[in-house]
*Asks:* 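Here it is: the structure, laid out below.
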There are 2 protein chains.
Amino acid sequence: MTTGRLAPPGRSGRPTIKDVAAAAGVSRSTVSRVLTGRGYAAGPVRERVLRAAAELGYVPDVAARMLKQQVSRSVGVLVSDLRNPFYAELAAGAGNEARARGYTMVLTDTGLSAGTEGEAAEALVALRVAGVIVTPNSPAVSGYLSSHGVPVVEVDRQFAAGTTDGVVVGNRVGARTATAHLTGLGHRRIALVIDETEWTTGYERHQGYLEALHAADLKADPDLVIAAGWDVADARRRAADLLRGPDRPTAVFAANNVLAEGVWRAVGELGLRVPADVSLVAFDDAPWMSMVSPTLSAVAQDAYNLGVAAVRRLDARIELPDADSVTTVLGVRLVTRESTAPPPPL
Amino acid sequence: MTTGRLAPPGRSGRPTIKDVAAAAGVSRSTVSRVLTGRGYAAGPVRERVLRAAAELGYVPDVAARMLKQQVSRSVGVLVSDLRNPFYAELAAGAGNEARARGYTMVLTDTGLSAGTEGEAAEALVALRVAGVIVTPNSPAVSGYLSSHGVPVVEVDRQFAAGTTDGVVVGNRVGARTATAHLTGLGHRRIALVIDETEWTTGYERHQGYLEALHAADLKADPDLVIAAGWDVADARRRAADLLRGPDRPTAVFAANNVLAEGVWRAVGELGLRVPADVSLVAFDDAPWMSMVSPTLSAVAQDAYNLGVAAVRRLDARIELPDADSVTTVLGVRLVTRESTAPPPPL
DNA sequence: CATCCGTGTGGGAACGATGTCATAACCCCT
DNA sequence: AGGGGTTATGACATCGTTCCCACACGGATG
């Protein structure tokens, strides 16, 4: 029976556990036990509580629960650029897997700035997220988060291998395969258009490229490794310069989908034919590559699954915070289409 | 001086306001006043508190603050499909604008299911988000959220005009312009490939199509309005059926980027030439449309700004919860490219 | 000299959910 | 009939923050 409380019945806002308790004629403890499924609750009581909760539209307050339990069921996801289909797919995979596991996803687009990345990480710490998935722009994030006791999974790029978990693709083997595909067709002057070659994915892809050249007994020409910027316009300019040159390469390997778009536009702009004049292969198979004419050969990486795998890893890490760190490597697959062919005769 | 408390100094986790108070030799109330900037605090005291907070690396617990103040600085964003570049752009715009305004974004990919949408909405209510931006799949969400006192902005699609805020594009005028472009070129049999025509965007785009036909003194042929499903494969099948038919249209207007892709693939599959055999125009200009050959004419809507505008509207609504509801209509722009030309001679 | 005000500060009650602990009711067994 | 165990429930403290209120100082004013 409800006690003769003075408290206004509906109050202004949402029903609380107290309201449910009153409606069901039980105590808050009992409601909690029924709703969380921890502890006893007799059949009829359980039913009354559930009905009352449903009727009132009761939804437990996350803040209160979080305060009590000191941890939330949210995961932070930090990606570099949602407008890039690669990161969008990744976020979609992470989001869906997170939801399936009962987490809500807090998403931040960090751009390529280590600054925004840092701020976003602070915000996530304040939110007491259960863990964070990040495509890191700098080595700092993972350290910062770890030092605050927040489990981290680095995805796509990995700065802190050995210290934090990672989920990456076979960058080296992918780049090697793509380049070997070109050498196999007879190309000897193969350019690599890439953003940077010092860290993680950039480093690995560059190495894979070099390995394939070496395996084909070709010597690597540093002038054929083009450091393009991070956007299409920049890549386009650099690629145009490269292809306009006197001794232009017969094939170009673009290290990601953005650079590939730049190269592709430059090629069109210069009136070169693909693959008759120049072969083109990309790392990261974006949707447009199978739609344009000619279609582009590319190393396909499953970004969606990258996101899914990252959440799985994070969830495992949250369960066992002290286990050894694990790096998962997902396979890649060269999809040969129309943009690669033997080089033009001399 | 720190009082001789028994409480373990560091405890396990983060410093709380209590630790700061002890370190600064004041009460929690004073610390709170200093840190929030509300209420008195003498110069030297203020300074001591700030120093102590900085030294301890104190970050206020979001959960506790939220519990007390009954509202968070998070906004929920519900989109239909992150892998669709339209929604990805929208989410990117919303995310960046949210961050700029000090909100964190909780993102959920609802798919096209009203069910997941409902669950996601519940989760957001539980999170006590300050507001929600949604591309609704059903009329139910906005009602549900509003009834829980959560400010809502419907974006792209709008079910609850007049009740909740909305940010949409000029669907009717866009569709009319696109169709008029085709009639202006001399087309008389113009098909509309669309997902559905009953609600919001689908309804508006259908109306715009009809208006343009009417303005050109053409009678609308219901057989030319094709209800394709929601994915590329389905659209492709329907479009193929349509274009294989005996009396095929000379032009097709695809009501969104997914349907356009289906139509585009069907056209290629059937060996038809664009625009010689059939003209093609799309609503929603996706990146690939300017890359394929021939390039596609399309009604461009600025999805990124749609997201930005939605956050602005939401923020305004949060400030003034009781103001009249507002629907913002963003302009669209027909980009004519290579896929539209006069119909083939009889 | 008593009163009042402005300036600072601390005490303590919320906020809503959880979970420990105490206790009540009941059954079974001796 | 009494003890021990199980089942089932409620009281209460707790999480970290905010903020209302009480109170303690001075100095000014009547």
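Every chain is numbered from 1 and lettered A, B, ... according to where its sequence line falls, protein lines coming before strand lines. Every value quoted in this text rests on a predicted model; they were computed, and no experiment measured them.
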*Asks:* Could I get the full list of ring pair (Phe, Tyr, Trp, His ring centres under 6.0 Å) partners for A/Trp199, not counting sequence neighbours?
*Replies:* A/Phe159
*Asks:* In B/S/- notation, 5' to 3', how is nucleotides 5-11 of chain C contacted by protein heavy atoms closer than 4.0 Å?
*Replies:* --SBBBB
*Asks:* What is the distance from atom OG1 of A/Thr116 to atom CG of A/Asp109, rounded to the nearest 0.5 Å?
*Replies:* 8.5 Å
*Asks:* Run the side-chain contact (heavy atoms from CB on, under 4.5 Å) test against A/Glu89 and tell me which residues pass, sequence neighbours left out.
*Replies:* A/Ala303, A/Tyr304, B/Arg83
*Asks:* How many Å lie between NZ on B/Lys18 and C1' on D/dT14, as a whole number?
*Replies:* 10 Å
*Asks:* Which residues pass the side-chain contact (heavy atoms from CB on, under 4.5 Å) test with B/Leu67, sequence neighbours left out?
*Replies:* A/Ala63, A/Ala64, A/Leu67
*Asks:* For the helix from C/dC1-D/dG30 to C/dT30-D/dA1, figure out the bend between the end axes, five pairs an end, and round to 10 degrees.
*Replies:* 70°
*Asks:* Which whole-number value in Å describes the distance from A/Leu67 CG to D/dA13 P?
*Replies:* 17 Å
*Asks:* Calculate the interatomic distance between B/Asp19 atom CG and D/dG16 atom C1'; express it in whole Å.
*Replies:* 11 Å
*Asks:* To the nearest 0.5 Å, what is the distance between CG on A/Leu82 and CG on B/Asn96?
*Replies:* 8.0 Å
*Asks:* Got a donor-acceptor pair under 3.5 Å from the side chain of B/Lys68 to the base of C/dA14?
*Replies:* yes
*Asks:* Measure CG/B/Leu56 against P/D/dG16 and give the value in whole Å, please.
*Replies:* 14 Å
*Asks:* Kindly say if A/Gln70 contacts the phosphate of C/dT18, meaning a side-chain N or O under 4.0 Å from OP1 or OP2.
*Replies:* no
*Asks:* Please state whether the phosphate of C/dA14, meaning OP1 or OP2, lies under 4.0 angstrom from any side-chain nitrogen or oxygen of B/Gln69.
*Replies:* no
*Asks:* In whole angstrom, what separates A/Asp61's CG from C/dA17's P?
*Replies:* 6 Å
*Asks:* Nearest-Å distance, OH (A/Tyr58) to P (C/dG16)?
*Replies:* 10 Å
*Asks:* So, using side-chain contact (heavy atoms from CB on, under 4.5 Å) as the criterion, who are the partners of A/Ala161 when residues are at least two apart?
*Replies:* A/Gln158
*Asks:* Has B/Ser32 got a side-chain N or O lying under 4.0 Å from the OP1 or OP2 atom of D/dT17?
*Replies:* no
*Asks:* Calculate the interatomic distance between B/Met66 atom CE and D/dT17 atom P; express it in whole Å.
*Replies:* 13 Å
*Asks:* Mind checking what makes salt bridge (charged side-chain N to carboxylate O under 4.0 Å, His left out) contact with B/Asp61, not counting sequence neighbours?
*Replies:* A/Arg128
*Asks:* Can you name the side chain to side chain donor-acceptor pair (under 3.5 Å) partners of A/Arg317, sequence neighbours left out?
*Replies:* A/Asp165
*Asks:* Rounded to the nearest Å, what distance is computed from the CD1 atom of residue B/Ile17 to the C1' atom of nucleotide D/dC19?
*Replies:* 11 Å
*Asks:* Enumerate the ring pair (Phe, Tyr, Trp, His ring centres under 6.0 Å) contacts for residues 117-157 of chain A, please, sequence neighbours excluded, ordered by first and then second residue.
*Replies:* A/Tyr144-A/His148
